Each structure stands twice: as C-alpha cells, then as structure tokens.
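Data block below; observations after.
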Amino acid sequence: MKVVLIGANGTLGRAVHTALRERGHEVVTASREGADLSVDITDPESIRAMYDALDERGDAVDAVACAAGSVPWRPLGELTVRDVRGGLEGKAVSQIELVRQGAARLPAHASYTLITGILAREPLLTGSVASLVNGAVEAFVKAAAIELPGRQRINAVSPTVFVESLDAYGDTFAGFDAVPVARAAHAYVKSVEGHRTGEVFRVE
C-alpha cells in the first residue's frame with residue numbers, strides 16, 4: 001500500500017514509519033519540515049496543498065495515518081479560551097480536516113488512522129483539554145465511519161504513555177503502565193491493513 005504518514009518525525013511517527021516499511025508499504029512522509037511533503041495540519045489550505053501535491057505526483061493513496069497533534073497542559077483555573085481553541089485546532093479539527101478533505105479525493109478503499117490517547121478515559125491534572133480533544137476525535141471516528149463514501153474506513157489509536165517518553169512525561173503519568181512505542185505502531189498496522197472501521201484501538 002501507499003501510506004501518507006503525517007508527523008513522521010516524532011517518537012510515535014518514527015515507530016509507525018518503521019513498522020509500515022517493515023510490512024512492505026511505501027510511506028510518503030508529511031510534516032512541517034524534514035519530510036517528503038510539507039504540511040501544517042492546523043491550516044486547511046496546507047492540507048489541500050498536500051493532497052494537491054499527491055495528485056501531481058500521481059500517488060494513488062491507500063491510507064492516511066496521522067501521528068501528529070498538540071494540546072496545552074495547564075490547570076483548569078489557568079486555561080484561557082485561546083488554550084481550549086488551540087487544543088481543539090491542534091489535535092481535533094486538524095485531524096477531522098484531513099478526513100473531511102480526503103474523503104472526496106481518496107479512492108473508495110482508502111483508510112484513515114487518527115491519534116488520540118488514554119486521557120479520553122483516564123483524566124489527569126492539567127489534562128482537561130487533552131481529555132476533551134481525545135474524546136472528540138474518538139466520537140468523530142465512530143460517527144464518520146457510517147458516513148464515509150465507498151468502502152473508506154476510519155479508526156483511531158489511543159495509547160497510554162510510552163516507555164520512550166517517560167523522561168519527559170513520567171511524573172505526569174505517575175502510576176500508569178508505560179508501553180513501548182512499537183506497540184502503538186502495531187495498532188496503526190492493524191488499522192491500515194485490516195478491515196475494521198469506527199474502532200478505537202487502545203494500547204495500554
């Protein structure tokens with residue numbers, strides 16, 4: 001398959017890239033910099049330009065996999081409306097836009113794999129926006145699955161904290177069982193190669 005991987009330069013993105021390549025898939029990377037294609041998923045025009053570039057290359061895309069998204073981590077009492085909107089734009093609206101635009105442009109068999117996270121079901125201090133956004137993406141996945149055209153599919157991967165990220169986030173996720181990032185990458189393979197749709201693949 002030909003898979004567009006967004007956010008290929010991050011911890012998760014690198015692992016997904018490796019897992020897909022090892023399975024024999026052709027991976028076209030997309031990111032703000034250092035990738036095959038340049039894209040800022042918070043900008044709908046940039047997403048459109050990415051799909052245009054794929055068309056110009058003659059790339060028939062079988063799957064879009066997103067491993068990118070950012071949210072603010074701040075106590076509820078310090079959150080501003082701008083923080084909330086920024087989190088929604090950074091991880092929810094951005095991924096929804098990938099699907100919204102792709103649905104009209106990708107083949108009937110194409111699939112989308114989005115990223116959420118454990119805070120959709122296990123909240124943490126300073127993580128209210130992350131919980132909101134992850135929950136929104138997961139609800140969208142379930143709803144979009146019954147509306148996508150043709151045989152297009154959509155799923156989400158929802159991991160806990162990664163072993164490789166404990167130095168940065170270990171204190172925040174105290175008491176959580178960390179998982180190797182490769183396990184989350186395997187969930188992307190399951191979504192890309194499988195036949196299920198409207199699923200949230202938990203990696204815990």
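Predicted model only: the values in this text are computed from it and were never measured.
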Q. Does the side chain of Asp36 come under 3.5 Å of the side chain of Thr29 through a donor N or O and an acceptor N or O?
A. yes
Q. For Arg21, does the CZ atom have more than 12 heavy-atom neighbours from other residues, nucleotides or ligands under 6.0 Å away?
A. no
(Q) I need the minimum non-hydrogen distance between Leu106 and Tyr51, along with the two atoms involved. (A) CD1-CE2, 3.6 Å
Q.
Could you check whether any side-chain N or O of Arg153 sits under 3.5 Å from a backbone N or O of Ser191, counting only pairs where one atom can act as donor and the other as acceptor?
A. yes
Q. Between Arg57 and Asp52, does a salt bridge (charged side-chain N to carboxylate O under 4.0 Å, His left out) hold up when you go through it step by step?
A. CA-CA 9 Å; Arg57 289 163 54 122; Asp52 286 344; over 6 Å; no
(Q) Tell me the closest heavy-atom pair linking Ile115 and Val137, and the distance in Å. (A) O-CG1, 4.2 Å
Ignoring hydrogens and angles, write down the donor-acceptor pairs under 3.5 Å from the side chains of residues 4-15, residues two or more places apart or on other chains.
residue : atom : partner : partner atom : Å
Asn9    : ND2  : Glu33   : O            : 2.9
Arg14   : NH1  : Asn9    : O            : 2.6

**Q.** Flag, side chain of Asp62 to backbone of His109, donor-acceptor distance under 3.5 Å
**A.** no
(Q) If you count heavy atoms of other groups shown closer than 6.0 angstrom to CZ of Arg23, is the number above 12? (A) no
Q: Indicate yes or no for a side-chain donor-acceptor contact from Gln101 to the backbone of Arg48 under 3.5 Å, with no hydrogens or angles considered.
A: yes
(Q) Is it true that Tyr112 and Gln95 share a donor-acceptor pair across their side chains at a distance under 3.5 Å? (A) no
Q) Would you call Asp40-Arg32 a salt bridge at under 4.0 Å N-O? A) yes
Q) With Arg121, which residues qualify under side chain to side chain donor-acceptor pair (under 3.5 Å), at least two apart? A) Ser158, Glu204
Q: Mark yes or no for whether Glu97, through its side chain, and Ile41, through its backbone, hold a donor-acceptor pair below 3.5 Å.
A: no
Q) Can you find a side-chain donor-acceptor pair between Lys91 and Asn134 that sits under 3.5 Å? A) yes
Q. So, the side chain of Ser94 versus the backbone of Glu89: is there a donor-acceptor pair under 3.5 Å, distance only?
A. yes
(Q) Ignoring hydrogens, what is the shortest heavy-atom contact between Gly198 and Lys142? Give both atom names and the distance. (A) O-CG, 3.6 Å
Q) How close do Thr42 and Gly90 get, heavy atom to heavy atom, and via which atoms? A) CG2-CA, 4.0 Å
**Q.** Donor-acceptor side-chain pairing of Glu138 and Thr116 below 3.5 angstrom
**A.** yes
(Q) Quick one: does any side-chain atom of Tyr188 pair with a main-chain N or O of Cys66 as donor and acceptor, under 3.5 Å? (A) yes
(Q) Tell me whether Arg85 at atom CZ has more than 12 heavy atoms from other residues, nucleotides or ligands lying less than 6.0 Å away. (A) no
Q.
Is it the case that the side chain of His25 and the backbone of Lys2 share a donor-acceptor pair, with hydrogens and angles ignored and the cut-off at 3.5 Å?
A. no
Q. Closest approach of Val141 and Ile154, non-hydrogen atoms and distance?
A. O-CG2, 3.6 Å
Q: Could you tell me which non-hydrogen atom of Leu148 sits nearest to which non-hydrogen atom of Ala103, and how far apart they are?
A: CD2-CB, 4.0 Å
